[in-house]
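A short write-up of the structure that comes next.
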2 protein chains.
Amino acid sequence: MTKHQNNKEQAILAAAKEEFLDKGYDGARTTSIACNAGVTHAMLHYYFKTKEQLFERIFHETMGMLVEGILEVFAKTEKPFKQRMAEALEIHFEVIKQNPRLPLFMIREVASRPERFAVIKNVISTFAGNLLATMQKDINQAASNDEISPIDATTLLLDMISLNVFPFVVKPVYEAATGLDLNADSAFWEQRKAENIELIMRRLTPTQDSSQFIVHSS
Amino acid sequence: MTKHQNNKEQAILAAAKEEFLDKGYDGARTTSIACNAGVTHAMLHYYFKTKEQLFERIFHETMGMLVEGILEVFAKTEKPFKQRMAEALEIHFEVIKQNPRLPLFMIREVASRPERFAVIKNVISTFAGNLLATMQKDINQAASNDEISPIDATTLLLDMISLNVFPFVVKPVYEAATGLDLNADSAFWEQRKAENIELIMRRLTPTQDSSQFIVHSS
DNA sequence: AAAAATATTAACAATTTTGTTAGAATTTTC
DNA sequence: GAAAATTCTAACAAAATTGTTAATATTTTT
């Protein structure tokens, strides 16, 4: 009757994504994936020869999503730099919020298998070079107008990513420490987003003596 | 001749720490640990009945170090709040820098095995309550003197930890993306530390209209 | 509807990984 | 230095996990 549409393959992919995101490559079990997908274990090997191949499929998809999401953030207009940055922060935060497990997934897999560097390198360096160069140009211009404090684009980007991503990465630990359930606490995330914007905006605002507080290490 | 000092047990512990920090519980192999420790595989099970027990030993030790390190940061004097905060940031950053793999280790293990929440909860909540309360009192006092902008202690703490910890957590990805070797790049870490202090100092500095830049989500 | 291609199953095989055991060697205690 | 406790070894066992295969069912093509 109904056309054959490989819905088992899709079910396996969906279950695999869950499993890999949750437990990482090493913790994931192909039997568990097959079971959650409602198919026999042999089917998994029929569609995806090995666990590694199945993982790679998920890894690429996931990386793609993350990078698309970040790209979207910086495809921006001609407003003042500070305002663009505030909007980028907000969009970036929301992208992460909608895919809160992706960052830890990526970090974990790259950390435990450096051979996956290559994928990351390709995906990111394709556009990161342009992005950073463009951003630095905008920064320099805004700084020369005294619109903002001068800053290195890479530095600013890492500020932004640290502030926006880390809370999601550390969420399980935070919940363990406080006993709170952050999924049910939308006020927490709204406050966090506002705080991150506040921090970066203050960072960019020109001051008379911008490095008065820097402490030099022994 | 020499007294018997369980140096095999120590060797196993050292190798286990390496293995677990590097690969996580799921990726670690007891055979590999025994091999790196230069002992037979059976010895591992002689001293530590199971992989789980060996892991727990390492996990506790590691958590202890991390918490001690952070405690040390806040056992501070009577200087102005901003200066104390700058010093705390610097010390905190250095503690992480000397144990750069601990944060990801903790995050990874708690994320993939929520039953380890209990350990974290005990260790942290023992002192975090006092810390936060004390900090909030200091903040309120400094704010009432117009020394700093008012801020929630929890928020400030998460700002600090995000900025200081995330660069170490994301290091492998950063290296994959840029092709740099950050271990050999002490200038990078000095700059990062300075940037984090700059950010927090600006966040604490009073302004006329401190929330002018907050963007509200749709 | 027959032939061809594809999807599915159940049972099995290979490997990896953790854990055990019985006994030998060594160290410590008395 | 003999007895007791302990450290250690080598071989083995059990379980889990990934991967295969041969036969069967279903779908698609002609």
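In this text, all values refer to a predicted model and were calculated from it rather than measured experimentally.
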Check every atom of [options] against the side chain of [X] and return the nucleotide holding the closest atom.
| X | options | result |
| --- | --- | --- |
| B:Ala42 | D:dT17, D:dT9, C:dT9 | D:dT9 |
| A:His45 | D:dT20, D:dT9, C:dT18 | D:dT20 |
| B:Thr50 | C:dT9, C:dG19, D:dT17 | C:dG19 |
| B:Tyr47 | C:dT9, D:dT7, C:dT18 | D:dT7 |
| A:Tyr46 | C:dA7, D:dT7, D:dT9 | C:dA7 |

Measure from [atom1] on [X] to [atom2] on [N] and round the result to the nearest Å.
| X | N | atom1 | atom2 | answer |
| --- | --- | --- | --- | --- |
| A:Asp26 | C:dT18 | CG | P | 11 Å |
| A:Phe55 | D:dG19 | CZ | P | 14 Å |
| A:Glu9 | D:dT27 | CD | C1' | 16 Å |
| B:Leu54 | C:dG19 | CG | P | 10 Å |
| B:Arg29 | D:dA16 | CZ | P | 15 Å |
| B:Met43 | C:dT20 | CE | P | 15 Å |
| A:His41 | C:dA13 | NE2 | P | 15 Å |
| B:Lys8 | C:dT26 | NZ | P | 11 Å |

Practice problem: Using a 4.0 Å heavy-atom cut-off across all strands, classify A:Thr31 as base, sugar-phosphate, or nothing. | Solution: base

Quiz item: Touch check for A:Ala34, heavy atoms < 4.0 angstrom, all strands: base, sugar-phosphate only, or nothing?
Solution: nothing

Quiz prompt | Under-4.0 Å side-chain N/O to phosphate OP1/OP2 contact, B:Thr40 with D:dT9 | solution = yes

Practice problem: Return no unless some side-chain N or O of B:Lys49 is found under 4.0 Å from OP1 or OP2 of C:dT20. | Solution: yes

Self-check item: Residues B:Leu102, B:Leu21; criterion side chain to side chain contact (heavy atoms under 4.5 Å, CB included); working and verdict
Solution: CA-CA 7 Å; B:Leu102 299 199; B:Leu21 277 174; 3.6 Å; yes

Exercise. Please confirm whether the backbone N or O of A:Ala34 pairs with a side-chain atom of A:Glu19, one donor and one acceptor, at under 3.5 Å?
Key: no

Self-check item: A:Lys79 side chain to A:Met85 backbone, donor-acceptor under 3.5 Å
Solution: no

Quiz prompt | With B:Lys193, the salt bridge (Lys or Arg N to Asp or Glu O under 4.0 Å) member among B:Glu198, B:Glu94, B:Glu87 | solution = B:Glu94

Quiz prompt | Under 3.5 Å side-chain donor-acceptor pair for A:Lys171 and A:Asn183 | solution = yes

